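Note sheet for the following structure.
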Amino acid sequence: MLIEGLLTTENEDGSVNVAPMGPIVDAELQHFHLRPFKTSQTYKNIARGSSLVFHVTDQVETLTKAAIGKLDSTPELLDAPDVSGHILADCCRWYLLEIEEFSEDEQKASIHTKVRQSGRIRDFIGFNRAKHAVIEAAILATRIHLLPAAEIRRSFSQLQPLIEKTGDDAEHRAFEMLQQYIVEKIGSE
């Protein structure tokens, strides 16, 4: 199964990198398979030996900002127990990951991990249709170098009614931010 969330790693200067990540996980949530692009800061941090903390979150604005590089400041953090990792204070669950296997292909790394520690900050209530739509739009925004512009625009048009019907202020802001990003990167029709 693939789940969407946020991964924290530590940059070379000690600051925290917050990045969206969609790992493949086993049913028990004990093994995570990460596939970061080799051009990403996340990959560079992992290759350098940074600690890895994956977060299950319902904060679509944070996920959106991280996906398009508009995270103005680092969200509030907690220290991970016993290591130099960082936990997002407003996540639902967190998983401190330990690398078991690391390999690379041309574009991506393949990183198999196991959960070393995990914890719960608060309940995950779930996603409404608007939150799902924002996540799908954020994934599209990270794929503008891979997908045709017309396909991205068409997908955004299909997602917009879900935001309008079921979104609250956070989903509306996040989707608008993604729409502006898409227009800046690929233009409008």
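Source: prediction; values computed, not measured.
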Next on the checklist: Between N128 and K131, does the side-chain contact (heavy atoms from CB on, under 4.5 Å) criterion hold? Intermediate values first, please.
Outcome noted: CA-CA 5 Å; N128 64 12; K131 286 186 186 288; 3.5 Å; yes
Checklist entry - Yes or no on side-chain contact (heavy atoms from CB on, under 4.5 Å) for R173 and E176, after CA distance, side-chain angles and deciding distance? => result CA-CA 5 Å; R173 285 189 304 267; E176 183 178 318; 5.8 Å; no
Next on the checklist: Go through it in stages, so that I can follow the logic: the residues are L88 and T57, the test is side-chain contact (heavy atoms from CB on, under 4.5 Å), and I'd like the CA-CA distance, side-chain angles, deciding distance and then a yes or no.
Outcome noted: CA-CA 9 Å; L88 297 173; T57 183; 5.7 Å; no
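Smallest separation of non-hydrogen atoms from A66 and A19: CB-CA, 4.4 Å. Nearest heavy-atom pair across E10 and N45 is O-CG, 3.2 Å. Here the shortest heavy-atom pairing between G85 and V53 reads CA-CG2, 4.3 Å. Between T62 and P75, the shortest heavy-atom contact is CG2-CG, 4.1 Å. L159 and A137 make their closest contact through CD1-N, 3.7 Å (heavy atoms, listed as atom of the first residue, atom of the second, distance). Pairing each heavy atom of S118 with each of R93, the nearest pair is OG-NH2, 3.8 Å.
Considering only heavy atoms from C-beta on, Y95 stays 4.5 Å or farther from V25 through its side chain. The side-chain heavy atoms of I68 and Q180, taken from C-beta on, include no pair separated by under 4.5 Å. Two residues are said to be in side-chain contact when any heavy atoms from C-beta on lie closer than 4.5 Å; P23 and H33 fail this criterion. Looking at E136 and L162, their side chains never come closer than 4.5 Å, going by heavy atoms from C-beta outward. At least one side-chain heavy atom of P81 sits less than 4.5 Å from a side-chain heavy atom of I87. Contact check for E4 versus P20: no side-chain heavy atoms found under the 4.5 Å cut-off. Between C92 and D58, some side-chain heavy-atom pair lies under the 4.5 Å cut-off.
How far OG of S50 is from NZ of K44: 14.0 Å, rounded to the nearest 0.5 Å. To the nearest 0.5 Å, atoms CG (L147) and CZ (R154) are separated by 10.5 Å. From S40, atom OG reaches atom CE of M21 across 6.5 Å, with rounding to the nearest 0.5 Å. Rounding to the nearest 0.5 Å places CG of L52 at 8.0 Å from CG of L96. In this structure, the separation between CZ on R129 and CD1 on I163 is 10.0 Å, given to the nearest 0.5 Å. If you take CD1 on I46 and OG on S51, they are separated by 10.0 Å, rounding to the nearest 0.5 Å.
With respect to L34, the side-chain contact (heavy atoms from CB on, under 4.5 Å) criterion is satisfied by exactly one of L7, I24, I99: L7. Applying the side chain to side chain donor-acceptor pair (under 3.5 Å) test between K38 and each of E104, Q107, E106 identifies E104 as the sole match.
Y43 and V18 fall into different hydrophobic clusters, where Ile, Leu, Val, Met, Phe, Trp and Tyr residues are linked whenever their side-chain heavy atoms come under 4.5 Å apart, directly or through other members. When the side chains of ILVMFWY residues are joined at heavy-atom separations under 4.5 Å, either directly or via intervening members, V115 and W94 end up in two distinct hydrophobic clusters. The hydrophobic cluster containing L63 does not contain I3, counting ILVMFWY residues as joined when their side-chain heavy atoms lie under 4.5 angstrom apart, directly or transitively. There is a path of hydrophobic side-chain contacts, each under 4.5 Å, that joins Y181 to I139. At a threshold of 4.5 Å between side-chain heavy atoms, the hydrophobic network of Ile, Leu, Val, Met, Phe, Trp and Tyr places V56 and V60 in one connected group.
Side-chain N or O atoms of R153 include one that pairs as donor or acceptor with a backbone N or O of I186 at under 3.5 Å. For N11 (side chain) and G14 (main-chain N/O), no donor-acceptor pair under 3.5 Å exists by modelled atom type. The backbone N or O of E171 sits less than 3.5 Å from a side-chain atom of D168, completing a donor-acceptor pair.
A side-chain donor-acceptor contact under 3.5 Å links T42 and N17.
Other residues, nucleotides and ligands contribute only 12 or fewer heavy atoms inside 6.0 Å of the NZ atom of K165. Within a 6.0 Å radius of CD in E12, no more than 12 heavy atoms belonging to other residues, nucleotides or ligands are found. More than 12 heavy-atom neighbours from other residues, nucleotides or ligands sit within 6.0 angstrom of CG on L146.
Under the ring pair (Phe, Tyr, Trp, His ring centres under 6.0 Å) criterion, H172 pairs with no residue at all, not counting sequence neighbours.
Relative ring orientation between H132 and F127 is described as perpendicular, the plane-to-plane angle rising above 60° on a 0-90° scale split at 30° and 60°.
A salt bridge links D90 and R122; the closest N-O separation between the charged side-chain nitrogens and carboxylate oxygens is under 4.0 Å.
Screening residues 49-88 for ring pair (Phe, Tyr, Trp, His ring centres under 6.0 Å) gives F32-F54 as the qualifying pairs, with residues at least two apart or on separate chains.
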